[in-house]
Amino acid sequence: MVAGSPVDGDRLAPAPRRLLGRDAEVASVRRLLDRTGAGRGGVLVVRGAYGSGRSALLDHAGSMWPGRTLRADGCEAESAVALAGLGQLLSGAATAGWDALIAEIREGRGPVLCLIDDAHLWDGASLEVIAGSAEVLHAVPVAVIMATEACREPDVLRSAPGLRLPPLDRDTAAGLLDDLPDLGLPPGRRRQVLDLAAGNPGALTALAWTAATDDPGSSFAESGLSTASALSAEGFEDHYRARVEELGPQAAELLDHIVCAGPDAPPSLLRRLADAGFVDLGRCRGLEESGLLGPGAGLAHPLVARAVRRVRPSWRLRAASGHIAGLTDDPREAVLQRAAATLGEDDGLADALETAALDARREGDHEWAAQALSAAVPLSSTGRARGRLLVLAAESRWNSARPDLVPGLVRRARAETVDPATRARALLINGTFAFVRGFPGEAQRCFVDGAETAVRCGDPVAFELLGRGIEAAWWFGRRDWTGELARLVERVGEPADPTRGFLHALLTGGELTTDGDLVGAAEPLRAAIRLSRALDEPRAAVLAADAALLVGDPEVACAEHLRAVESLKAAGRLSELPSALRMSALTDVWRGESASASAHAREAEETATLIGEDHPTPLGLSVRAHIAALLGDVDDCRDLATTALRVASDERIASAAASALWALARLELGLGDPEAAVNRLVRITDPSAEHTHPLVALFAAPDLVEAAVRAGRREVAVAALGPFEKWARAGSPWAAAVRPRLAALLGPADGADALFEDSVARLTREGPRFDEARTRLLYGEHLRRTRRRAQARGELERAIILLEEIGSRPWAEHARRELAATGVKVRSRTSDPSTLLTVRERQIAELVVAGASNAEVSARLVLSRKTVEYHLHKAYTKLGIGSRARLADALAAETGGPTDAG
């Protein structure tokens with residue numbers, strides 16, 4: 001379930017947006033959305049108790065859907081008004097009715113997702129229309145997801161397909177409780193909260209806050225929230241409303257001001273309001289006793305603010321905002337409060353908010369900018385202005401930590417009359433959202449349509465639309481998309497414009513690389529990298545980093561990816577950071593820098609969690625699989641790569657699927673199973689295979705050549721070497737350094753020495769270290785087989801040193817076996833305590849020592865609960881312990897020092 005909003009001192013912290021314990025339900029929703037995207041819709045009813053997370057699941061469905069969405073919420077006051085529900089649902093559809101909407105969809109204006117919350121409060125006539133369409137929807141791309149309180153489900157919905165939200169199990173509920181900050185709950189009271197909540201997420205958060213603000217010496221049962229009341233519609237939310245309604249005038253006015261000031265207001269503001277005679281701080285104690293305030297004059301729960309805004313007269317809340325606007329020291333807060341205090345349209349104030357928001361965006365504060373732009377919308381008198389503000393707000397939400405709010409803002413903008421530039425920006429947002437959610441066709445349509453519109457009206461957003469389109473064509477392996485992009489690139493700016501030159505070079509280099517003309521691609525790609533440095537645009541840095549990969553220069557690629565990451569951070573574009581960090585980690589793997597790769601991958605996942613990325617991406621999974629393959633973490637690599645392959649196949653992301661296969665193949669090659677490695681790698685290189693991808697195949701060529709030679713499949717090795725040799729001739733320093741090693745494997749034994757020595761010399765001088773180590777290993781094998789044991793020992797010993805520095809256990813063990821075969825007695829590394837645990841076993845063990853539950857470790861590392869338990873069991877066995885109580889001491893003994901328990 002969506003974790004509740006924690007309180008930090010007297011401030012409310014942002015709510016975590018992970019869905020806990022709802023994997024099966026999310027999978028059901030995803031299946032319906034996938035069917036709808038393919039042309040076959042349907043109805044799904046989400047049934048659950050009050051507080052079970054029905055609305056959260058609907059929000060989650062909306063965040064997964066990149067297309068057109070209609071939404072309506074049940075309203076008790078309108079439940080007796082015939083067709084009021086349908087009217088609300090279709091209000092943004094510009095259509096004459098439900099049948100007209102279905103007709104439009106049949107004509108190709110789809111697909112559409114309809115989300116209906118609190119369907120039990122809809123009028124019967126609207127429900128009859130939707131239920132009567134269930135069979136029709138199986139033949140048109142319209143999905144209807146309706147959420148209803150189980151105990152109040154209308155009869156007409158009872159036969160509809162659906163799912164039921166059960167209570168969370170104890171471990172998941174404990175994980176949800178752990179997502180709240182340290183509330184100081186003693187163990188007994190914590191257990192009592194879990195018992196009383198009975199797995200209801202909403203009740204759990206409300207009870208936790210009530211328990212935290214209750215007198216520690218009192219009985220928790222006296223707090224006024226029993227299990228029965230907490231789980232009913234008259235429970236924890238209405239509990240706060242009732243308490244607000246019971247307040248006297250002065251206490252209510254104080255609470256009005258606290259709510260309007262917001263969770264980030266400094267305590268000094270309340271004192272100024274009191275000095276001005278607007279509030280009586282003496283009423284704080286009474287508000288705390290009523291359970292509405294927590295320590296430090298912070299709200300006891302976010303539902304308190306909701307209750308206040310529903311119960312208190314709007315004119316009193318506007319008056320409170322007016323008081324705050326006049327007393328705050330923060331100019332930004334003042335303009336926001338002026339907006340909240342204003343009833344009706346005020347274009348001057350809307351302009352002031354927009355100006356302040358654009359200033360905040362330039363400073364990288366996209367979160368505040370989004371708030372200000374959203375506040376400006378109702379103040380604007382024209383649809384064109386409202387549309388522009390909504391799109392700007394969506395851009396800021398995308399670049400902040402709330403990309404999940406983007407679809408709703410764009411939907412609202414579509415309902416307004418917008419100018420071409422605003423339409424182009426809306427298409428950029430929609431396309432980017434579809435791209436990261438794995439809908440390539442939808443993404444590319446948005447990028448091309450948006451670029452066409454932007455080029456026509458001369459808006460500079462054309463650059464980003466075209467750059468996104470080029471990137472999508474690369475990574476989705478769609479050479480057929482580049483024609484339209486090339487036509488539009490020729491219409492951007494003047495011929496000498498560096499923007500046009502950059503895009504043209506990028507597109508040309510990518511096309512030629514995909515076509516196999518690596519020699520022809522080299523110069524335009526290098527030109528794109530040079531030109532990017534003259535463009536003050538974070539996306540240019542990201543695209544230049546991609547170009548550096550295609551050039552085949554690991555050091556340049558590393559530098560460009562770091563530049564891309566820093567550019568995005570400086571611009572505050574958080575939503576793009578995870579992808580850039582993952583690509584940086586992949587570059588580190590290429591270079592054999594395992595520590596840096598792990599750090600970048602970890603930062604990517606932490607940033608993804610911050611922005612609400614609610615499911616593992618195939619790119620993120622495949623990058624982590626490559627790191628695990630490099631380090632020799634067998635179980636992790638297989639688990640991650642298998643999941644990446646499945647998700648990438650479902651989301652049709654060819655590059656990530658191919659990369660996952662490559663990670664598995666590299667693992668198997670390192671473990672000494674070249675036949676298995678070849679069988680995986682030919683699925684990348686064979687143009688007729690499902691997961692073929694020419695760019696991934698190019699990088700995997702050295703592994704395929706070595707695996708094929710070891711497996712006795714020379715013809716496969718020769719075929720793989722051809723494109724790689726072209727890359728070397730095109731100027732790739734990496735390919736030029738590795739190519740002699742591959743030629744030595746395929747050539748006659750009497751010419752191998754010179755080729756191995758050439759490769760070793762180049763790699764020693766320029767890197768990467770991992771390739772130098774593997775080349776020395778292969779050279780050492782060759783020397784041993786040709787009875788030059790003394791010379792072989794030098795190469796193998798150097799290979800072992802490099803591989804141990806990198807941390808690549810399987811390759812280091814392979815080198816030790818080869819060294820032992822020369823007659824040298826080699827000490828087994830398995831007797832060394834520092835290598836007893838794998839990286840993943842140690843990572844999980846350290847989190848457990850720091851106090852994390854298995855559920856929390858699972859969520860933090862994006863692993864299944866069973867995988868966490870499996871690794872923990874292996875760690876216990878290796879350390880010779882039987883429980884986590886002895887884990888800290890055992891880890892300290894294993895490393896020879898104390899373990900930091902956090």
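These values consider heavy atoms only, across backbone and side chains, with no hydrogens, waters or symmetry-generated copies.
Judged by distance alone, the side chain of Arg714 and the main-chain N or O of Leu746 form a donor-acceptor pair under 3.5 Å. No donor-acceptor pair under 3.5 Å is formed between the side chain of Ser596 and the backbone N or O of Asp588. Formation of a donor-acceptor pair under 3.5 Å by the Thr587 side chain with backbone atoms of Met583 is found in this model. Of the possible donor and acceptor atoms, none in the side chain of Ser732 sits under 3.5 Å from a partner among the backbone N and O of Ala728. Put simply, the side chain of His561 gets close to the backbone of Ala557: a donor and an acceptor are under 3.5 Å apart. No donor-acceptor pair under 3.5 Å is formed between the side chain of Ser622 and the backbone N or O of Ala660.
Every residue two or more places apart in sequence or in another chain was checked for a side-chain hydrogen bond (donor to acceptor under 3.5 Å, both in side chains) with Arg683, and none qualifies. Qualifying side-chain hydrogen bond (donor to acceptor under 3.5 Å, both in side chains) partners for Arg710, counting only residues two or more places apart in sequence or in other chains: Glu706, Glu781. By the ring pair (Phe, Tyr, Trp, His ring centres under 6.0 Å) test, Phe502 is found to be paired with Phe463, residues two or more places apart in sequence or in another chain being considered. Residues forming a side-chain hydrogen bond (donor to acceptor under 3.5 Å, both in side chains) with Arg769 (at least two apart in sequence, or on another chain): Glu593, Glu805. By the side chain to side chain contact (heavy atoms under 4.5 Å, CB included) test, Thr642 is found to be paired with no residue, residues two or more places apart in sequence or in another chain being considered. Checked against side-chain hydrogen bond (donor to acceptor under 3.5 Å, both in side chains), Arg31 has the following partners two or more places apart in sequence or in another chain: Ser28.
A salt bridge is absent between Arg741 and Asp758; no separation between the charged side-chain nitrogens and carboxylate oxygens falls under 4.0 Å. Checked for salt-bridge contact, Arg582 and Glu576 miss the test: no charged N lies under 4.0 Å from a carboxylate O. Ion pairing of Arg762 with Glu757 is absent here, as no side-chain N (NZ or NE/NH1/NH2) approaches a carboxylate O to less than 4.0 Å. For the pair Arg591 and Glu772, the salt-bridge criterion is not met [side-chain N within less than 4.0 Å of a carboxylate O]. In this structure, Arg526 does not pair ionically with Glu523, as no charged nitrogen and carboxylate oxygen lie closer than 4.0 Å. The pair Glu560-Arg563 meets the salt-bridge criterion, with a side-chain N (NZ, NE, NH1 or NH2) lying under 4.0 Å from an Asp/Glu carboxylate O. Salt bridge Asp636/Arg624: absent, no basic N to carboxylate O contact under 4.0 Å.
The heavy-atom pair separating Ser655 from Val696 by the smallest distance is O-CG2, 3.8 Å. Residue Pro524 comes nearest to Leu512 through the heavy atom pair CG-CD1, 4.4 Å, listed as atom of the first residue, atom of the second, then distance.
Taking the side chain as every heavy atom from C-beta outward, Leu796 and Arg816 never approach each other to under 4.5 Å. Within the 4.5 Å cutoff, the side chain of Ser532 has no heavy atoms near those of the Leu543 side chain.
By the 30° and 60° cut-offs, the orientation of the rings of Trp734 relative to Trp727 is perpendicular.
Residues Trp590 and His626 place their aromatic rings such that the two centres sit no closer than 6.0 Å.
Arg774 forms a cation-pi arrangement with Trp811, by the criterion of a distance under 6.0 Å to the ring centre and an angle within 45° of the ring axis.
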For this session: Using the salt bridge (Lys or Arg N to Asp or Glu O under 4.0 Å) rule, take Arg487 and Glu452 through it: C-alpha gap first, then chi angles, then the decisive distance, then the call.
Result: CA-CA 10 Å; Arg487 175 180 57 81; Glu452 182 81 55; 3.3 Å; yes
For this session: Determine, step by step, whether Asp633 and Arg809 satisfy the salt bridge (Lys or Arg N to Asp or Glu O under 4.0 Å) criterion, reporting the C-alpha distance in whole Å, the side-chain angles of both residues, the deciding distance to 0.1 Å, and the verdict.
Result: CA-CA 9 Å; Asp633 291 339; Arg809 288 185 296 275; 2.3 Å; yes
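Exactly one of Leu661, Val589, Leu681 qualifies for a side-chain contact (heavy atoms from CB on, under 4.5 Å) with Arg666. That residue is Val589.
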